[in-house]
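Presented below is the structure to which this report refers.
Naming: A, B, ... by sequence-line order, numbering from 1 per chain. Only heavy atoms go into these numbers, but all of them, side chains included; no hydrogens, no water, no symmetry mates.
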There are 2 protein chains.
Amino acid sequence: MKRLTIQRQAILDLINRSNQHWDAEELARCLNKNGHQLGIATVYRGLGALENSGLIQSIQLADKKRYERADKGHHDHLICTNCGDIEEFCDDKIEQRQQQVAQDLSFHMTGHQLLMFGICQRCFNQSAGSEAL
Amino acid sequence: MKRLTIQRQAILDLINRSNQHWDAEELARCLNKNGHQLGIATVYRGLGALENSGLIQSIQLADKKRYERADKGHHDHLICTNCGDIEEFCDDKIEQRQQQVAQDLSFHMTGHQLLMFGICQRCFNQSAGSEAL
DNA sequence: ATGATACTGATAATGGCTATCATTCCCTTT
DNA sequence: AAAGGGAATGATAGCCATTATCAGTATCAT
């Protein structure tokens with residue numbers, strides 16, 4: 001990334017001001033509703049550039065990529081398959097074992113992504129409630 | 001899945017006879033080159049049906065889904081970002097910690113996917129060799 | 001100021017996958 | 001064996017996230 005333009009700064013600011021996991025369209029919609037005017041292609045390119053520079057990070061879901069702040073550091077994700085909510089966690093033991101596994105297999109790991117799918121507590125409680133009816 | 005048709009049987013057989021991680025198009029091409037005649041939609045539907053029935057399993061990569069035998073049981077994947085090769089591993093400690101993390105966060109986990117990205121040994125050795133030139 | 005380079009934005013194109021729908025297959029029931 | 005019905009097939013249109021294209025604009029170095 002050679003230039004941190006107004007558009008890219010706007011994307012970065014929005015992501016940094018929130019704890020959400022944004023997709024490109026959500027970002028475009030939100031920015032364009034708040035005084036900015038950036039095309040969807042610019043958003044995609046900006047996100048790619050910001051991620052390459054380490055200013056933001058992303059998770060690759062089945063349908064689309066979602067971007068979040070990078071200043072929280074590395075973590076993995078719990079994804080509720082009912083409501084789509086994304087929770088975060090980081091477990092040192094898992095991280096360490098991953099390193100160990102890679103080393104044992106002579107694999108030069110550069111990154112990883114751990115997604116855990118399931119039902120979040122809120123959805124679980126709700127479905128438990130409705131079952132009792 | 002109500003019927004295990006000839007087409008689905010052919011998909012299943014091909015996957016079970018190999019250790020590859022197939023995408024839909026590769027399967028269709030290979031089958032149609034070997035006496036079968038199935039449309040791409042049938043392949044997609046067949047793969048979905050076979051996976052729902054637990055007869056095959058899949059990993060979701062950034063661009064596409066890849067299918068493999070289910071009789072090897074659960075495992076995670078190392079993906080070489082240079083040559084695309086996919087290696088497998090299973091680490092009980094990681095699996096256990098995942099369960100623990102989910103439990104600690106009151107998250108009712110139904111599944112997970114751990115992808116580790118990096119350079120496989122073969123690619124690493126090759127690039128080391130070319131650097132010495 | 002000038003030219004080079006990077007970025008933007010509109011839009012076309014791509015690629016994996018799903019929806020549609022007429023046709024065919026296969027299983028049951030008679 | 002015939003008939004009826006649910007399921008699967010195959011061709012193809014459509015969907016959706018993302019990338020490519022390209023003309024125009026902004027910014028940097030000289």
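End-to-end axis angle of the helix from dA1(C)-dT30(D) to dT30(C)-dA1(D), from C1' rotation axes over five pairs per end: 30° (rounded to 10 degrees).
Between Leu4(A) atom CG and dT27(D) atom C1' the separation is 13 Å, expressed in whole Å. The distance between atom CG of Leu27(A) and atom P of dA17(D), rounded to the nearest whole Å, is 14 Å. Rounded to an integer number of Å, the gap from Glu25(A) CD to dC15(D) P is 15 Å. Counting to the nearest Å, the P atom of dC17(C) and the OH atom of Tyr67(B) are 7 Å from each other. Straight-line distance from the CD1 atom of Ile40(A) to the P atom of dT11(C): 14 Å, rounded to whole Å. Taking atom CD of residue Gln37(A) and atom C1' of nucleotide dA10(C), one finds them 12 Å apart after rounding to whole Å. To the nearest angstrom, P of dA17(D) lies 16 Å from CH2 of Trp22(A). Distance NZ (Lys64(A)) to C1' (dT18(D)): 12 Å, rounded to an integer number of Å.
The 12-atom threshold is not exceeded at CD of Glu25(A), counting heavy atoms of other residues, nucleotides or ligands nearer than 6.0 Å. Heavy atoms from other residues, nucleotides or ligands lying under 6.0 Å from CZ of Phe124(A) number 12 at most. Heavy atoms from other residues, nucleotides or ligands lying under 6.0 Å from NZ of Lys72(A) number more than 12.
The residue among Arg3(B) and Asp63(B) whose nearest nucleotide of DNA chain C lies closer to the 5′ end is Asp63(B). Each of Gln60(B) and Ile6(B) has a nearest nucleotide on DNA chain C; the 5'-most of these lies closest to Gln60(B). Nearer the 5' end of DNA chain D, as judged by each residue's closest nucleotide, is the contact made by Val43(B), out of Val43(B) and Ala41(A). Mapping Lys2(B) and Thr42(B) onto DNA chain D by nearest heavy atom places Lys2(B) closer to the 5' end of the strand.
Residue contacts for Arg45(A): at a heavy-atom cut-off of 4.0 Å it reaches a base atom on one of the strands shown. At a threshold of 4.0 angstrom between heavy atoms, the contacts of Thr5(A) are confined to the sugar-phosphate backbone, with no base atom among them. Using a 4.0 Å heavy-atom criterion, one finds that Asp23(B) contacts no nucleic acid atom at all.
OP1 or OP2 of dC7(C) has at least one side-chain nitrogen or oxygen of Arg8(A) nearer than 4.0 Å. Not one side-chain nitrogen or oxygen of Gln7(B) sits closer than 4.0 Å to the OP1 or OP2 atom of dC25(C). Proximity of Tyr44(A) to the phosphate of dT18(D): a side-chain N or O atom is located under 4.0 Å from OP1 or OP2.
With rounding to the nearest 0.5 angstrom, the CG atom of Leu4(B) is 7.0 Å from the CG atom of Leu50(B). A distance of 11.0 Å separates CD1 in Ile59(A) from CG in Leu114(A), rounded to the nearest 0.5 Å.
The side-chain contact (heavy atoms from CB on, under 4.5 Å) test with Ile11(A) singles out one residue from Thr42(A), Leu31(A), Asn16(A), and that residue is Leu31(A).
Between His21(B) and His77(B), the ring-plane angle classifies as perpendicular under the 30° and 60° cut-offs.
Checked against the 6.0 Å centroid threshold, His74(B) and His112(B) count as a close aromatic pair.
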